[in-house]
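Worksheet for the structure shown next.
Order of the sequence lines fixes the chain letters, A, B, ..., with proteins taken first and strands second; residue numbering starts at 1 for each chain.
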There are 2 protein chains.
Amino acid sequence: MTAAAGRGRLKMKDVARDLGMSVATVSRVLSQPELVSAATAARVREAIDRLGYRPNLTARDLRRQETRIILVVVPRLSPFFLDVLRGAEAAAHEQGYTVLMAYSGGNPHREGRFLDQVLSRRADGAILVTSVDAAALAARGPALPPVVAALEPVDGLGLPTVRVDNVAAAMAATDYLVTLGHRRIAHISGPDDVPMAQHRAEGFGLAIARAGLDDGACHRIAGDFTLASGERAMARLLTRNPRPTAVFVANDEMAVGAVQVIRKAGLTVGDDISVIGFDDQRIANLYEPSLTTVHVPTADLGHEAVMQLVEAMAGRPAARDIVLTTRLVIRDTTGPART
Amino acid sequence: MTAAAGRGRLKMKDVARDLGMSVATVSRVLSQPELVSAATAARVREAIDRLGYRPNLTARDLRRQETRIILVVVPRLSPFFLDVLRGAEAAAHEQGYTVLMAYSGGNPHREGRFLDQVLSRRADGAILVTSVDAAALAARGPALPPVVAALEPVDGLGLPTVRVDNVAAAMAATDYLVTLGHRRIAHISGPDDVPMAQHRAEGFGLAIARAGLDDGACHRIAGDFTLASGERAMARLLTRNPRPTAVFVANDEMAVGAVQVIRKAGLTVGDDISVIGFDDQRIANLYEPSLTTVHVPTADLGHEAVMQLVEAMAGRPAARDIVLTTRLVIRDTTGPART
DNA sequence: ATGAAAGCGCTAACAG
DNA sequence: CTGTTAGCGCTTTCAT
């Protein structure tokens, strides 16, 4: 019993021979049954079942030059990206495509390898749910496969993009804190080299400047989007004197970490210190106190990205840049600045 | 630039012609460079880069009869399954395989279609992180591809399995509540038709019986593993008279829902009512009060499943049934029964 | 060290 | 309606 012995060894030829027919007829029963007489089709199907034949999709793909597979490349396996995937999955199913997901770990090298899978026709197209290094992508040569960027644009390649306006959303969130009377607002950002983090930090900076706040009092500390890094950043912020009265955090995970540290320090969140997160992940509404945060339509992003990809794969000109709307969801971690 | 027009359709033949060589030589540079002179190899690589050539993996797969791809089929896109995927991903990477993930939605039909992908040689093997309908699987014919079941066995097919002992773990959790003096212990289970849910419920029943508790006072209500269903189930349990003093819940999500309902009812969790969850997901430790729960080594399950699959694909006899250990993690939602 | 040629299993003209 | 045939792009003997 070697591995090969158990595999789908039977070929179409074997089925044809069993029936005394040509492989073309068997193939037609599988691909274009309307071209075959009902009686013949029935006989063929019976033989297929009886023999346990399975078509070799690799051969079919090679011949048809398409796979009906969409590859979704995600940088991390967090619930956030899962939501995007969920939306993509639903749209692909509607369109008769199968979604396979690949995990890049944010590693440009691995990201490139998955893109090669598409370039090499193992999938018809790809969605990059990530902020890829544009240089790494450009290095893959002039011949990019059908690719749609989701969440963040990939600079300089003119890739169709489905995203949210992180800069504007971060500004709106910061503005809200200003409206509440806060003057010393800190920002816990994501990694400096991640475009999404950069944009959210940029929005923060713009809002601070526009409000005319003292930039020196508005500290910025970088985390890495994990809860633990949010805790570390907040712990450092609490040592500043005077300490901030509000913190805008670049995602919900870090925001939860920040809230925990604030509470452990004996301070009251939403009163002593206000906190705003980003993404509106499930935990934002689940945690106590529930988190004021920026809602991002993750599933819609995935759904729309697939629709754009399907257009692109069909050779139709896709919209270059689709921006979905975010909104600030006000819950329990924000309140007026105490004077 | 002579290359610009190519648009990803370049074939090996085009590279060979550009160099005045045969395709065999180009192929060797890519697959078996040691058979080619260093000078030739360098020239070929230069041309490949210059022209932006990418090999067609579908053609290669067809010829080599292998893809080095492992398909991981998950029933739901929850963090729980993500953790399993994470472990699988790591192990596959070590072994030179690429993991692609497919989402079945628990739908046996779609599960079958993904299995067909493997049977049809689009992947070398698959891991079913789920509780598949054994009948649906058996119907795929005698020629099953290399498949390993993770989390739950698939009855009657003798599939290699990597799992935890849900029955024993559920018994241990329930026993702990008995030890604390609880006599009216309820169970919020998962869907009746999901084997994992069945096993956890079975363990609960065995523990209740062994402790000689009044079965009529130990209510069972089925949820669907979502937080909202845990809330609904707990709300109903609170209407029972006398109401339970402890609840064993089949996963952490539902347990969190249950805890929220208990608190909203003005009762104290861990004092008025004890709650035990299952899985030890991140939220179990994050939520306040932190959740007493059964730790499941999710990433290890994925890792071990891949290792078993690699063995199976190599034609080596894999272990039939690997059981990883769980352990009860005692946190804040459990306490002695009040007399 | 390199080239010529035979397929991998399937689909799609093109003929009957 | 069904059969014959020519590939899809690549790898791998078998020659040289």
Side-chain angles (χ1 to χ4, degrees), chain A residues 4 7-45 47-48 51-68 116-122 124 143 145, chain B residues 6-45 47-48 51-68 116-122 124 143 145:
Chain A
R7 297 301 285 272
R9 272 185 343 195
L10 240 51
K11 309 163 191 184
M12 195 175 274
K13 185 171 55 176
D14 300 315
V15 176
R17 184 164 34 211
D18 179 272
L19 290 161
M21 295 176 180
S22 76
V23 292
T25 303
V26 177
S27 173
R28 285 192 193 101
V29 171
L30 261 33
S31 304
Q32 311 187 64
E34 65 278 12
L35 298 182
V36 178
S37 81
T40 307
R43 284 185 59 209
V44 170
R45 281 193 228 284
I48 286 175
L51 300 172
Y53 165 75
R54 299 280 156 180
N56 182 322
L57 293 186
T58 299
R60 174 183 292 175
D61 293 344
L62 178 59
R63 179 59 225 237
R64 284 198 181 153
Q65 302 284 66
E66 76 163 6
T67 61
R68 306 293 297 179
D116 284 344
Q117 301 266 327
V118 186
L119 221 28
S120 306
R121 320 284 332 170
R122 260 190 190 156
D124 293 346
Chain B
R7 214 193 122 96
R9 298 292 182 193
L10 234 54
K11 310 165 191 182
M12 194 175 272
K13 185 170 56 177
D14 300 315
V15 177
R17 184 164 36 211
D18 181 272
L19 290 161
M21 295 177 180
S22 75
V23 292
T25 303
V26 177
S27 172
R28 285 191 192 101
V29 171
L30 261 32
S31 305
Q32 312 186 65
E34 65 277 11
L35 298 182
V36 178
S37 81
T40 306
R43 283 186 58 211
V44 169
R45 281 191 228 285
I48 286 176
L51 300 172
Y53 164 74
R54 300 279 156 182
N56 180 322
L57 293 185
T58 299
R60 175 182 291 177
D61 293 345
L62 178 59
R63 180 60 222 236
R64 287 196 181 154
Q65 302 283 70
E66 74 163 7
T67 61
R68 306 292 297 179
D116 284 343
Q117 302 265 327
V118 186
L119 220 27
S120 306
R121 326 243 20 163
R122 261 191 190 155
D124 294 346

Inset, instruction - State whether Thr58(A) places a side-chain N or O below 4.0 Å from either non-bridging phosphate oxygen (OP1 or OP2) of dG9(C). - result: no
Does a donor on one side chain and an acceptor on the other come within less than 3.5 Å for Arg64(B) and Ser31(B)?
yes
Glu34(B) atom CD is separated from dT12(D) atom P, nearest whole Å, by 11 Å
Quick one: label Ser37(B) by what it contacts on the DNA or RNA (base, sugar-phosphate, nothing), any heavy atom closer than 4.0 Å. sugar-phosphate
For dT11(D) and Ser31(B) - does any side-chain N or O of the residue sit under 4.0 Å from the phosphate oxygens OP1/OP2? yes
Worksheet item: For Gln32(A) and dA12(C), is the shortest distance between a side-chain N/O and OP1 or OP2 below 4.0 Å?
Response: yes
#### Entry: Phosphate OP1/OP2 of dG9(D): any Gln65(A) side-chain N/O under 4.0 Å
yes
- salt_bridge(Asp14(B), Arg17(B)) N-O dist < 4.0 Å: yes
Q.
If you compare every side-chain N and O of Tyr53(A) against the phosphate oxygens of dC10(C) (OP1, OP2), does one of them come in below 4.0 Å?
A. yes
Of the listed dG9(C), dG3(C), dC10(D), the closest approach to the Met21(B) side chain comes from dG3(C)
Residues Asp61(B) and Glu66(B): closest non-hydrogen pair is OD1-O, 3.2 Å
Closest of dC10(C), dC10(D), dG3(D) to the Arg28(A) side chain is dG3(D)
Requested in this report: Indicate yes or no for a side-chain donor-acceptor contact from Thr58(B) to the backbone of Leu62(A) under 3.5 Å, with no hydrogens or angles considered.
Outcome: no
note: Leu57(A), atom CG; dC10(C), atom C1'; distance rounded to Å ~ 10 Å
With the side chain counted from C-beta on, respond yes when Asp18(A) and Tyr53(A) share a heavy-atom pair under 4.5 Å apart, and no when they do not. no
Here the distance between atom P of dG7(D) and atom CG of Asn56(B), to the nearest Å, is 18 Å
- Query: Just checking Leu35(A): base, sugar-phosphate only, or nothing, at a heavy-atom cut-off of under 4.0 Å?
  - Reply: base
Rounded to whole Å, the CZ-C1' distance (Arg60(B) to dG9(D)) equals 11 Å
Quick one: is dC10(C) close enough that its OP1 or OP2 comes under 4.0 Å of any side-chain N or O from Ser27(A)? no
What's Leu30(A) touching, base or sugar-phosphate or nothing? Going by heavy atoms closer than 4.0 Å. nothing
Atom CZ of Arg64(A) and atom P of dA13(C) are separated, to the nearest Å, by 12 Å
Heavy-atom nearest pair, Arg121(B) first then Thr67(B), reads O-CG2, 3.4 Å
From NZ of Lys13(B) across to P of dG3(C) the rounded distance in Å is 16 Å
Whole-Å distance, Asp14(A) CG to dG9(C) P, equals 9 Å
| request: Taking only the side-chain nitrogens and oxygens of Thr25(A), find out if one of them lies under 4.0 Å from OP1 or OP2 of dG3(D). | output: yes
By nearest-heavy-atom nucleotide on DNA chain C, the more 5' of Val36(B) and Arg63(A) is Val36(B)
Separation of dT2(C) atom C1' from Leu19(B) atom CG, nearest Å, is 13 Å
Closest to the side chain of Ser22(A), out of dG3(D), dG9(C), dC10(C), is dG3(D)
